[in-house]
Amino acid sequence: MKSHITDLIVQALDQLAAAAVIDSADLQTPLVERTRDPSHGDFASNVALVNSKAAKMRPRDLAAKLIEVLPSSELVAAVEIAGPGFINFRLADRAYASLIPEILRQGHDYGRSRIGAGRRVQVEFVSANPTGPLHVGHGRGAAYGAVVADLLEAVGYTVHREYYVNDAGRQMDILGTSVWLRYLELCGEALDFPSNGYKGDYVWDIAATLHREHGDAYRHAADEVFDGVPLDEPAGGDKEAHIDGLIGRAKALLGDNRYRFVFELGLNVILDDIRDDLGLFGVEYQEWYSERSLTESGKVNKVIDRLRESGHLYEQAGAWWFRSTEFGDEKDRVVVRENGQITYFASDIAYHLDKLERGFDRVIDIWGADHHGYVPRVKAALQALGADPSRLDVLLVQFAILYRGGQKAQMSTRSGEFITLRELRKEVGRDAARFFYVMRKCEQHMDFDLDLAKSQSSDNPVYYVQYAHARIHAVLRQAAERLVDVEPSDGAINLERLVETHELDLLKSLSRYPEVVEAAACNEEPHQLTHYLRELANDFHTYYNAHQFLVEDAALRDARIKLILATREVLRNGLNLLGVSAPEQM
RNA sequence: GCGCCCGUAGCUCAGUUGGAUAGAGUACUGCCCUCCGAAGGCAGUGGUCACAGGUUCGAAUCCUGUCGGGCGCGCCA
C-alpha cells in the first residue's frame, strides 16, 4: 500500500526532472507516511517540502506541480495539498477491502517479505557463563534476541542464532573447584567454603551426583587441599588469591584427567539446564559455539600473533597489551596476562574475527548494558586486524527490574539468590514473560510488573491480544453450533458490503501489518510489534461490540466472516513472531 | 572525575528516524450485556515533552551546557 504511493510520487518526480523543472541532482528521496489524523487522508508525503530548494519553488507550488503530473491510480480516491505543502492521499474504500483475499491467500506468510534478500546475519545472544542457571536478567536478552532474530528472518534474512559458551577460563575453574569442595563436604570433610566460590544450591546438586556415582574416588583430606593456600578474605587475606590457590591445589591433587572430569561434570549439567530452560522459553539456536574450541584450535594464538606481528601489541610488566587507544578506546587492554594465560578479551577477539570470516554479511551481538564499555575494544581489535568493524552491531539491553506487590523483587525468596528465568516462567508463564520482555525498546530501563503479567484481565496486554484471537474462534464455534454456514467465499465476493467505520478501521490496521514487521525488523525494535498487536486487538474488540457477525443476511455475514478470518491470521502471525501462543480458547 | 543509556499525563510507556492540534495503557469518574465470550466497548478528567540556550520554513526528536536516575571505567568474565 505504502510502496504503491511511493511509486506514484517517484514517477511524478521523474517527470518533473525530465522537464527540467527541478534539478535531479539535488533530489531528496520522498518520504511517505501514514497520517496520524484521519482528516489528512490515509497517506501523506513531505516530498514537496524536502525538495523545495532543489526546485527553487515554494513547497505548496511544487506540490501543485507534482499533483499535475501524478499518475492516476485505481486505489487512490483523492489527492490534495495541505498545511505547509504536504501532499495527502485518500484511498478508495475498495483499496482496503481488496486486501482480505490477499491475506487469506498468503496465510502465515502475510507480513513476510524479501527485503533482506537472503543476506546472512548472525545473531549472538544470551551467552551467559555456564556457571549457574539463567536468571531474570538473562531473560530479557533471551526474549529480545529471539524476537529480533525471528523478525529478521521474516523480512528475508538468513539468520544464524548462536550462543557463545564460555567453557574455558577462570570462572569455570572456580565452578569446578566449588563443585569439588562441596563434594568433599559430602564425603565428610570439614572445610571453610571459599567466599568467592559458587554457593548456589545447584552446586550441591552436582556435587551430590559426583558423590553418589563415584563415592570417595575424588576425595582428598581437607588439610591437604588447603595446604599452602593463601588466606581467604574473612580470615584477613585476599579472596582472589585464596580461590586461585584452591584451583591450583585441585589441579595438583586430582591430576589432569580427574580434574577435567569434575570440571566437565559441572559444565555439562549446567549447560544442559540452560539449554532446557531456553528451549522451554521458546528460544532455539543453530549453534552453541565453544570458547575452548577457539583456544584448542589455535585460533586465539594465531590472532595474538597477527596482532603482535603487525605492531599492535607491546609488552609491559610481563603482560602483553593491545594498543586499542590507537582506535579510539579509552585505554590499552591486556591480552596475555603476566602468568601467561590469555584473557577473555583475547578469545573474544578471535571469536569476533571468526564470525566475520565465516562470511556473515552482518553480525549482531546482544549484550547486557553493563558490558557497554567493552564495545570500543572489540571494534578496535577488528579494525587492527583489517576487518570492517561496521559489520558488527552491538545491541545493549538495559536491565529489567521486577516488581511484585509494588515492591522490587530481585531476590528469590527461596534461595536468597537472583530469581531464575525458570522461576519467572513458572510464575507468570512463558507467553506473558516473552511479551513483557519485548514490550519496551531495549535501551529503555524496564519495570516488569509480575502481578500484571499474571493477571487474567484486560489490564494485561498479553491476555488482551490473545483474547481477541480466542474470541474470533468463539464466533466460529458459535456459528457451527447454530449450523450457520461460515465457509468463506472466494476472492473479493461480497466485500463491498464492508462499509462500516469499524470495518474500515480494522482493514486499515490489517494493511499496516507488513510495514510494522519491516520497521520492527530493520530497527531491531520488537516493541513496535507488541504495540501494533494491542491496537489491532482494540480495533477488533471495538468492532465486535458494535456489530454482529453472524447476521441473517448471508452476503453480509460472508463479508464479515472473511474480515475476522483475516484478522485472526494477522493476530496469529504477529503473536507467532513474538514467540507467544495464539490460543483458540482461554 | 571520564564514558554510555535514560528523563514525555499521578504510574508504566509510545511518538513512523525533523513534520500538521503530543498519544496509548493504567488509575479515577460516568455510561453500555433479552445480543456471536463484559477476559469486552464508549465518554470524560489529566502535559512548562527535566531545565537553559542554539541550528531552520518547522524541534519531544539534532547540537552545546546544567540538573536528576541507571550502568561502566580490572593482568574478572
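Lettering follows sequence order; numbering is per chain, from 1.
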| task | Return the value, rounded to whole Å, for the distance between atom NE2 of A:His547 and atom C1' of B:rC35. | result | 14 Å

| said: On the nucleotide B:rA24, are OP1 or OP2 found under 4.0 Å from the side-chain N or O atoms that A:Tyr532 carries? | reply: no

| field | Separation of the C1' atoms in B:rG18 and B:rA60, to the nearest angstrom | value | 11 Å

| request: For the residue pair A:Asp431 and A:Tyr463, confirm or rule out a side-chain donor-acceptor distance under 3.5 Å. | output: no

| message | Side chains of A:Tyr314 and A:Asp332: any donor to acceptor distance under 3.5 Å? | response | yes

| message | Please tell me if A:Thr35 has a side-chain N or O lying less than 4.0 Å from either OP1 or OP2 of B:rA20. | response | no

| query | Under a 3.5 Å cut-off for both distances, is B:rG47 Watson-Crick or wobble paired, and to whom? | reply | none

| Between C1' of B:rC57 and CZ of A:Arg60, the distance in whole Å | 14 Å

| remark: When both distances are under 3.5 Å in a Watson-Crick or G-U wobble arrangement, the nucleotide paired with B:rG25 is B:rC11

| message | How many whole angstroms separate atom CG of A:Asp459 from atom C1' of B:rA24? | response | 14 Å

| said: Under a 4.0 Å threshold between the charged nitrogen and the carboxylate oxygen, would A:Lys355 count as salt-bridged to A:Glu162? | reply: no

| said: Whether A:Arg557 contacts B:rC36 is assessed here as follows: a side-chain N or O lying under 4.0 Å from the phosphate OP1 or OP2. Is that the case? | reply: no

| task | Just call it for A:Ala474: base, sugar-phosphate, or nothing, with non-hydrogen atoms closer than 4.0 Å on any strand. | result | base

| Distance between the P atoms of B:rC6 and B:rC62, in whole angstroms? | 9 Å

| query | Using a distance-only test with no angle check, is there a side-chain donor-acceptor pair under 3.5 angstrom linking A:Ser347 and A:Glu291? | reply | yes

| query | Can you tell me how far P of B:rC36 sits from OH of A:Tyr543, to the nearest Å? | reply | 16 Å

| request: Would you classify A:Ala468 as touching base, sugar-phosphate or nothing, given that sugar-phosphate means primed atoms plus P, OP1 and OP2, and contacts are heavy atoms under 4.0 Å? | output: nothing

| Who does B:rG53 pair with, Watson-Crick or G-U, both distances under 3.5 Å? | B:rC63

| message | If you take the centroid of each ring, where Trp contributes its six-membered ring, are A:Phe327 and A:His312 closer together than 6.0 Å? | response | yes

| said: Suppose we screen for ring pair (Phe, Tyr, Trp, His ring centres under 6.0 Å). Which residues come up paired with A:Tyr289, at least two apart in sequence or across chains? | reply: A:Tyr351

| field | Watson-Crick or G-U counterpart of B:rA20, or none if no pair lies under 3.5 Å | value | none

| query | Hey, is A:Phe86 stacking on B:rA20? Ring centres under 5.5 Å, planes under 30°. | reply | yes

| field | Whole-Å distance separating the CG atom of A:Asp449 from the P atom of B:rA27 | value | 11 Å

| How many angstroms lie between atom CD1 of A:Ile87 and atom CG of A:Leu66, to the nearest 0.5 angstrom? | 5.0 Å

| request: For A:His541 and for A:Lys441, find the nucleotide of RNA chain B with the closest heavy atom, then tell me which residue's nucleotide is more 5'. | output: A:Lys441

| request: Check every atom of B:rA20, B:rC36, B:rC42 against the side chain of A:Tyr544 and return the nucleotide holding the closest atom. | output: B:rC36

| query | Salt bridge between A:Lys251 and A:Asp173, side-chain N to carboxylate O under 4.0 Å? | reply | yes

| If you check every side-chain atom of A:Asn538, which of B:rC13, B:rC42, B:rC5 has the closest atom? | B:rC42

| request: Provide, to the nearest angstrom, the distance between the CE atom belonging to A:Met446 and the P atom belonging to B:rG7. | output: 16 Å

| query | Residues in ring pair (Phe, Tyr, Trp, His ring centres under 6.0 Å) with A:Tyr96, at least two apart? | reply | none

| query | If you look at every heavy atom in A:Ile366 and A:Gly141, which pair is closest and at what distance? | reply | CG2-O, 4.4 Å

| query | What interatomic distance, in whole Å, is found between C1' of B:rC5 and the corresponding atom of B:rA9? | reply | 24 Å

| task | Check whether any side-chain N or O of A:His527 sits under 4.0 Å from OP1 or OP2 of B:rG15, and answer yes or no. | result | yes

| request: Begin from the C-alpha positions of A:Tyr532 and A:Tyr513 and carry the test ring pair (Phe, Tyr, Trp, His ring centres under 6.0 Å) through to its verdict. | output: CA-CA 8 Å; A:Tyr532 166 81; A:Tyr513 179 66; 5.7 Å; yes

| said: So A:Gln341, base contact, sugar-phosphate only, or nothing? Heavy-atom distance under 4.0 Å. | reply: nothing

| said: With syn defined as a glycosidic angle within 90° of 0 and anti as the rest, where does B:rC73 land? | reply: anti

| field | Distance, P atom - from B:rG69 to B:rG47, rounded to whole angstrom | value | 26 Å

| A:Ala44 side-chain proximity, nearest of B:rC42, B:rA20, B:rG15 | B:rA20

| task | Taking atom C1' in both B:rG1 and B:rG15, compute the distance separating them and give it to the nearest angstrom. | result | 36 Å

| message | Taking only the P atom of each, what is the distance from B:rU29 to B:rU45 in whole angstrom? | response | 16 Å

| task | Output the single nucleotide from B:rC13, B:rC6, B:rG19 whose closest atom is nearest the side chain of A:Glu443. | result | B:rC6

| field | Under 3.5 Å on both distances, the Watson-Crick or G-U partner of B:rC33 | value | none

| field | Of A:His531 and A:Gln548, the one whose closest RNA chain B nucleotide lies more 5' | value | A:His531

| query | Among B:rG19, B:rC36, B:rA20, which is the nearest nucleotide to the side chain of A:Gln478? | reply | B:rC36

| task | Can you tell me the distance, in whole Å, between the CZ atom of A:Phe540 and the P atom of B:rA38? | result | 10 Å

| said: What does the B/S/- profile of nucleotides 72-77 of chain B look like, 5' to 3', with a 4.0 Å heavy-atom cutoff to protein? | reply: S-SBSB

| note | Per atom distances to the A:His445 side chain, the nearest of B:rC5, B:rA38, B:rG15 is B:rC5

| remark: Picking from B:rG15, B:rG25, B:rG41, the nucleotide nearest the side-chain atoms of A:Arg534 would be B:rG25

| Can you tell me how far C1' in B:rC11 sits from the matching atom in B:rC28, rounded to whole Å? | 12 Å

| Given the P atoms of B:rU21 and B:rU26, what is the spacing between them in whole Å? | 28 Å

| task | Go ahead and name the base partner of B:rG74; Watson-Crick or wobble counts if both distances stay under 3.5 Å, otherwise write none. | result | none

| In whole angstroms, how far is the C1' atom of B:rC5 from the CZ atom of A:Arg140? | 11 Å

| message | Checking base pairs now: Watson-Crick or wobble, both atom distances under 3.5 Å. What partners B:rG58? | response | none

